[in-house]
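Chain letters run A, B, ... following the sequence lines, proteins first and then strands; every chain starts at 1. It should be emphasised that the depicted structure is a prediction, and the values quoted were computed from it without experimental measurement.
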There are 2 protein chains.
Amino acid sequence: MKNQKKMHYSRQREKILEYVQNRTDHPSAEQIYLYMREEIPNISLGTVYRNLKVLEEMKEIRRVLTPLNEERYDTRMDNHAHFICRNCGKVIDLNTVDNLKTEQLCEDPSLGAIYTVTVTIEGECAECMEIEKSGTVTRMKA
Amino acid sequence: MKNQKKMHYSRQREKILEYVQNRTDHPSAEQIYLYMREEIPNISLGTVYRNLKVLEEMKEIRRVLTPLNEERYDTRMDNHAHFICRNCGKVIDLNTVDNLKTEQLCEDPSLGAIYTVTVTIEGECAECMEIEKSGTVTRMKA
DNA sequence: ATACCTGCAAATTATTTGCAATATA
DNA sequence: TATATTGCAAATAATTTGCAGGTAT
């Protein structure tokens with residue numbers, strides 16, 4: 001189908017995948033870049049983005065939508081739920097999506113192929129609520 | 001609570017809300033801007049963004065997360081589902097979310113306040129599938 | 001040798017913001 | 001008159017891309 005070109009091995013790509021796989025906090029491209037510089041000091045941000053894109057195409061990782069205009073990445077490829085804190089941007093995985101009747105949603109004739117189903121809950125995490133109650137308000141983004 | 005300052009009326013804001021309310025296709029800021037220019041020729045994109053933000057704060061509209069790096073807007077304030085086409089970026093509203101057991105998802109102690117719950121289905125719409133079958137491939141974004 | 005990958009820097013895209021002028025209350 | 005809102009242009013922020021050199025096959 002798709003003009004699949006043969007891939008060469010790359011240390012950068014291997015390390016990026018390894019890093020994202022070993023985290024549960026859905027790192028952003030920037031966070032991945034900052035970490036990678038410790039392993040491969042002169043890696044460039046462009047390389048990080050390019051590899052995240054191919055890894056996504058390879059279905060090794062998945063992009064997570066957030067309301068804070070920054071893409072986050074994830075290696076859980078099953079259909080699961082995300083809680084996103086509007087204050088600190090934290091993404092928390094939630095497990096119990098079994099009861100979601102996906103099939104019912106997908107009866108619409110205008111839908112073609114389904115790739116992923118994500119339940120996204122936007123709100124504020126307990127930690128941020130606590131901080132706000134105590135008076136000190138901190139925001140990740142303006 | 002929030003330092004609520006009194007608002008002045010603005011024709012720009014009224015028209016923007018009216019436009020988003022009368023559409024079902026989740027327009028982007030850019031699309032809203034292009035349309036608004038027909039009504040108010042020298043409106044600026046900054047004004048569109050500023051008003052979308054206040055309308056969101058007023059809970060008159062809602063931002064929709066899409067995987068195509070562009071915010072889309074919506075006036076359905078109930079918790080509903082979105083189908084997003086990865087090819088053309090189209091956002092389709094889906095109705096049957098009743099069976100989703102939101103409460104179960106929300107038992108996690110790290111969750112504080114819940115603002116919105118959105119089920120997002122990423123895939124490809126029937127129209128795009130049809131076009132691809134017929135050979136002519138068109139993409140909104142590279 | 002060939003095709004893929006990289007680092008770097010410049011380019012692009014989406015969104016935000018400072019400011020002086022204008023509209024609303 | 002005081003304050004909110006606007007248009008404009010410049011500033012940011014996130015991501016993408018062209019290119020020349022480097023690396024894997």
Side-chain angles (χ1 to χ4, degrees), chain A residues 2-17 20 26-34 36-58 60-61 63-73 86 89 91 139-142, chain B residues 2-17 20 26-34 36-58 60-73 84 86 89 91 139-142:
Chain A
K2 237 179 189 171
N3 203 6
Q4 182 80 348
K5 52 173 87 174
K6 46 193 162 283
M7 278 188 21
H8 286 187
Y9 166 83
S10 119
R11 189 160 78 97
Q12 287 81 341
R13 181 156 54 233
E14 179 177 57
K15 289 284 181 189
I16 289 169
L17 174 57
V20 179
H26 309 74
S28 66
E30 186 68 27
Q31 289 171 322
I32 296 166
Y33 169 65
L34 290 175
M36 291 313 294
R37 283 213 307 195
E38 291 172 22
E39 297 267 315
I40 306 171
N42 59 344
I43 193 171
S44 79
L45 194 46
T47 296
V48 171
Y49 276 108
R50 267 185 293 234
N51 278 308
L52 287 170
K53 186 174 272 182
V54 302
L55 288 168
E56 198 194 353
E57 280 161 11
M58 291 165 69
E60 292 286 349
I61 64 174
R63 242 184 242 237
V64 178
L65 307 172
T66 82
L68 293 171
N69 284 329
E70 202 184 28
E71 304 289 352
R72 302 302 207 84
Y73 297 86
R86 281 206 189 152
V91 179
R139 283 202 161 264
M140 237 181 83
K141 302 238 173 176
Chain B
K2 236 179 190 172
N3 201 9
Q4 182 82 345
K5 51 174 88 176
K6 44 192 162 288
M7 276 188 23
H8 288 185
Y9 166 84
S10 119
R11 189 161 76 94
Q12 286 81 342
R13 182 156 52 232
E14 180 178 57
K15 290 284 182 190
I16 289 169
L17 175 57
V20 179
H26 310 74
S28 66
E30 186 68 26
Q31 289 171 321
I32 296 166
Y33 169 65
L34 290 174
M36 291 312 294
R37 283 213 307 195
E38 290 170 23
E39 298 266 316
I40 306 171
N42 59 345
I43 194 172
S44 79
L45 194 47
T47 297
V48 172
Y49 275 108
R50 268 186 293 235
N51 279 309
L52 288 170
K53 187 175 272 184
V54 302
L55 288 168
E56 198 194 353
E57 279 160 11
M58 292 164 68
E60 292 286 348
I61 65 174
R62 190 194 267 189
R63 241 182 242 238
V64 179
L65 307 172
T66 82
L68 293 173
N69 284 332
E70 202 183 27
E71 304 289 351
R72 302 303 207 85
Y73 296 87
I84 300 174
R86 280 204 189 154
V91 178
R139 285 204 160 260
M140 238 182 84
K141 302 238 171 175

Check each of B:Glu60, B:Met36, B:Arg50, B:Glu39 against B:Ile16 using the side chain to side chain contact (heavy atoms under 4.5 Å, CB included) test, and report the only one that passes. B:Met36
Interatomic distance, B:Ser28 atom OG to B:Leu52 atom CG [nearest 0.5 angstrom]: 9.5 Å
Contact string for nucleotides 19-25 of chain C, one letter per nucleotide 5' to 3', B = base within protein heavy-atom range under 4.0 Å, S = sugar-phosphate only, - = neither, reads -----BS
A:Glu56 CD - D:dT15 C1' separation (whole Å): 13 Å
I'd like to check the side-chain hydrogen bond (donor to acceptor under 3.5 Å, both in side chains) partners of B:Arg11; sequence neighbours left out, ordered by chain and number. none
Residue-phosphate contact under 4.0 Å: A:Gln12 side-chain N/O, D:dT23 OP1/OP2: no
B:Glu14: which residues meet the salt bridge (Lys or Arg N to Asp or Glu O under 4.0 Å) condition with it, sequence neighbours left out? none
Listing time: all N or O pairs from protein to nucleotides 10-12 of chain C that are below 3.5 Å?
none

Specify the separation, in whole Å, of atom OH of B:Tyr49 and atom C1' of D:dC8. 16 Å
Between P on D:dC8 and CZ on B:Arg37, what's the gap in Å once rounded to a whole number? 10 Å
Between B:Ala29 and B:Leu45, what is the shortest heavy-atom contact and its length? O-CD1, 4.3 Å
What integer distance in Å separates B:Asn51:CG from D:dA4:P? 15 Å
Taken to the nearest whole Å, CD/A:Glu39 to P/C:dG7 is 14 Å
Given atom CD1 of B:Ile16 and atom P of D:dT5, what is their separation to the nearest angstrom? 12 Å
Which residue lies toward the 5' end of DNA chain C, A:Ser44 or B:Leu45, if each is placed at its nearest nucleotide? A:Ser44
Spacing of B:Leu52 atom CG relative to D:dT6 atom P, expressed in whole Å: 11 Å
Rounded off to whole Å, could you give me the CZ-to-P distance for the B:Arg13 and D:dA4 pair? 11 Å
Check this one for me: any side-chain N or O of A:Thr47 less than 4.0 Å away from OP1 or OP2 of C:dG7? yes
Heavy-atom pair of closest approach, residues B:Ser44 and B:Tyr33: C-CE1, 3.8 Å
The bend of the helix from C:dA1-D:dT25 to C:dA25-D:dT1, taken between the axes of its five terminal pairs at each end and rounded to 10°, is 30°
Of all the nucleotides listed (D:dT15, C:dT16, C:dC8), which has the minimum atom distance to the side chain of A:Asn42? C:dC8
Mind checking side chain to side chain contact (heavy atoms under 4.5 Å, CB included) for A:Arg13 and listing every partner two or more places apart, or none if nothing turns up? A:Met7, A:Ser10, A:Asn51, A:Val54, A:Leu55
Can you tell which of C:dG7, D:dT5, C:dT6 lies closest to the side chain of A:Ile40? C:dG7
